[in-house]
There are 4 protein chains.
Amino acid sequence: MASRGVNKVILLGNVGGDPETRYLPNGNAVTNITLATSDSWKDKQTGQVQERTEWHRVVFFGKLAEIAGEYLKKGSQVYVEGRLQTRKWQDQSGQDRYTTEIVVDMGGTMQLLGGRATGAHPEESAPRQAAPRAAASVREPQAPSAPRPTQPAQPSAMPDYDSFDDDIPF
Amino acid sequence: MASRGVNKVILLGNVGGDPETRYLPNGNAVTNITLATSDSWKDKQTGQVQERTEWHRVVFFGKLAEIAGEYLKKGSQVYVEGRLQTRKWQDQSGQDRYTTEIVVDMGGTMQLLGGRATGAHPEESAPRQAAPRAAASVREPQAPSAPRPTQPAQPSAMPDYDSFDDDIPF
Amino acid sequence: MASRGVNKVILLGNVGGDPETRYLPNGNAVTNITLATSDSWKDKQTGQVQERTEWHRVVFFGKLAEIAGEYLKKGSQVYVEGRLQTRKWQDQSGQDRYTTEIVVDMGGTMQLLGGRATGAHPEESAPRQAAPRAAASVREPQAPSAPRPTQPAQPSAMPDYDSFDDDIPF
Amino acid sequence: MASRGVNKVILLGNVGGDPETRYLPNGNAVTNITLATSDSWKDKQTGQVQERTEWHRVVFFGKLAEIAGEYLKKGSQVYVEGRLQTRKWQDQSGQDRYTTEIVVDMGGTMQLLGGRATGAHPEESAPRQAAPRAAASVREPQAPSAPRPTQPAQPSAMPDYDSFDDDIPF
DNA sequence: TTTT
DNA sequence: TTTT
């Protein structure tokens with residue numbers, strides 16, 4: 001009922017393989033993916049461009065797990081917002097091991113982007129524009145009390161920049 | 001039921017004045033504050049340190065509006081996560097005007113930090129550590145299906161770094 | 001040389017029109033775009049899906065301004081990270097007016113995504129995969145001292161999940 | 001020189017112990033801390049408030065490592081922005097192990113907040129207000145080309161809300 | 001109008 | 001003025 005602290009992860013990258021979905025005893029879906037984020041930079045010494053790919057373990061829960069399992073494919077470009085969580089587990093020899101994952105549940109978000117996924121099952125791949133709509137649906141419960149405009153007038157419409165820009169002293 | 005896009009603002013700064021809370025016809029609270037974020041940098045030409053304060057209009061809705069109205073004071077240091085929204089309105093002469101605000105509702109967060117608020121009503125000021133707990137409570141509905149551990153074993157408990165670190169080849 | 005506060009905006013959306021680039025007296029580029037972020041939700045009363053588009057004014061400076069001016073087109077899907085800034089200006093009647101923008105400079109980022117831009121000059125449109133590489137180049141100066149691996153072994157290479165997963169007690 | 005992807009972590013929490021700083025052969029500082037972020041929620045079944053603390057390994061590099069080593073103490077409340085990185089290493093038995101850390105270097109940020117640190121060395125603890133100024137200094141190189149106002153007039157000054165608010169049709 |  |  002309370003919280004102290006912020007634990008937020010924002011990733012935008014490509015999915016490393018087809019997602020794996022399983023179901024908990026209570027029927028809730030859990031989907032695992034690996035996600036690659038790449039960045040590159042010029043080496044100060046050599047002047048060579050260096051590239052580095054970081055791999056992340058992402059776990060979706062609930063409604064987002066279903067959506068991720070259905071729409072994400074190997075190669076999909078995706079935006080993800082979640083939180084860090086480190087799980088403790090025991091390996092075969094009984095030793096404690098730790099795995100850090102990005103948990104994406106109702107407090108998070110997933111947005112499928114325009115990436116050309118190399119689907120394992122391309123024949124059944126949905127039209128990509130379907131995914132983002134579906135994907136976002138889980139955010140709905142997050143803003144029930146939001147001040148959404150229902151009036152005919154749209155308070156947040158764009159200013160009339162054509163006439164307006166003349167006034168802007170850039 | 002769907003979403004396409006990300007619209008997120010993260011601010012950490014100081015409140016410019018006591019919050020103003022009002023109530024909508026439906027009983028929901030709305031609280032307005034102004035928030036200052038400062039940054040400084042060394043001028044490349046002069047070598048002088050420059051400072052700049054940016055002021056933001058933040059609007060809380062719902063439960064967070066109540067918490068903000070109760071715990072924030074002039075001077076409070078606060079972390080806020082919300083979304084950008086530009087409202088259109090008419091000034092006295094009937095001209096269209098636009099105001100951009102950071103909306104913080106159930107999809108957002110507020111964390112009161114350790115700042116020494118100069119409360120308008122210091123006598124009634126709650127112990128400051130109470131605020132963050134209360135403040136965060138509104139996030140609860142965001143993670144109802146989250147994979148919270150309810151097992152006796154805490155998967156995410158602090159690793160035993162003392163023994164653990166020995167293995168880490170820093 | 002110092003900073004107190006956080007002022008961060010993260011947007012992922014579609015560009016509303018071809019970017020407009022101009023040059024400051026010192027030769028630095030400045031590029032303006034408008035960016036739409038959409039979200040939708042189900043109305044609690046009516047059960048109807050509501051949609052809302054928020055428009056943002058984004059201003060790129062420096063190297064990112066050049067990249068944005070070259071690669072962004074009307075319709076481009078783009079990820080942007082910047083900071084909020086409100087400018088004061090005077091309209092024709094001499095009245096003070098304020099415009100809030102998202103400033104994206106060296107402290108920010110831009111990532112062109114997979115969107116199918118409807119370029120004004122499609123014939124000269126670069127292969128879309130070229131853009132993200134170029135776009136990110138401005139981040140280079142941000143991490144010169146970063147602990148990038150230059151050793152033959154890549155510490156952060158993809159774990160061998162195939163063999164590795166066997167140990168993970170999901 | 002380029003980048004494709006976003007890898008960003010934002011944490012706000014309390015430091016688990018005094019920071020440990022060491023120096024690389026090239027003289028650069030590296031500082032390690034553990035950081036706790038807590039959140040709590042009401043259990044749907046029991047109605048009981050549950051609390052959970054997540055621990056993170058944070059590694060600072062360069063100038064920020066020096067600042068972190070000097071100003072952070074056990075218990076310090078701190079805001080951190082960095083990126084995820086998983087290191088591979090071998091334990092005593094030669095087995096591959098992985099550790100995920102939040103790397104905070106020039107592309108990141110650190111802000112010491114108002115927390116009452118329980119310093120291991122309270123006698124030598126600097127006045128807390130000194131830290132944030134120092135801490136932020138490392139961000140300077142990130143925005144050298146930023147459009148900072150050098151004009152006498154401050155473009156980003158606060159609107160005169162007193163007279164202004166009357167016009168706002170809330 | 002905040003804060004350092 | 002975008003996008004689905």
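To find a chain, count down the sequence lines: A is the first, B the second, and so on, and within it residues start at 1.
Here the rule is side-chain contact (heavy atoms from CB on, under 4.5 Å) with B:Ile102, and of B:Ile33, B:Ile10, B:Leu84 only B:Leu84 fits it.
Atom CD in B:Glu54 sits about 13 Å away from atom C1' in E:dT2, given to the nearest Å. Summarising the geometry, the separation between CH2 on B:Trp55 and C1' on E:dT2 is reported as 4 Å, rounded to the nearest angstrom. Distance, B:Leu35 CG to E:dT2 C1': 8 Å, rounded to whole Å. Rounding to whole angstrom units, CG of residue B:Leu12 and P of E:dT3 are separated by 15 Å. Here the C1' atom of nucleotide F:dT2 and the CG atom of C:Leu112 are 14 Å apart, to the nearest Å. Protein atom CG of A:Leu113 is 20 Å distant from nucleotide atom P of F:dT2, rounded to whole Å. Between the CD atom of B:Glu51 and the P atom of E:dT2 there is a distance of 13 Å, given to the nearest Å. Straight-line distance from the CD1 atom of C:Ile33 to the C1' atom of F:dT2: 10 Å, rounded to whole Å.
Side chain of B:Arg4, nearest nucleotide from F:dT3, E:dT2, F:dT2: F:dT3.
In this model, no donor atom of one side chain and acceptor atom of the other lie less than 3.5 Å apart for B:Gln50 and B:Arg52.
B:Glu101 places no side-chain N or O within 3.5 Å of a backbone atom of B:Arg57 that could act as its donor or acceptor partner.
Here the straight-line distance linking atom OG1 of B:Thr31 with atom CG of B:Asp18 works out to 11.5 Å at 0.5 Å rounding.
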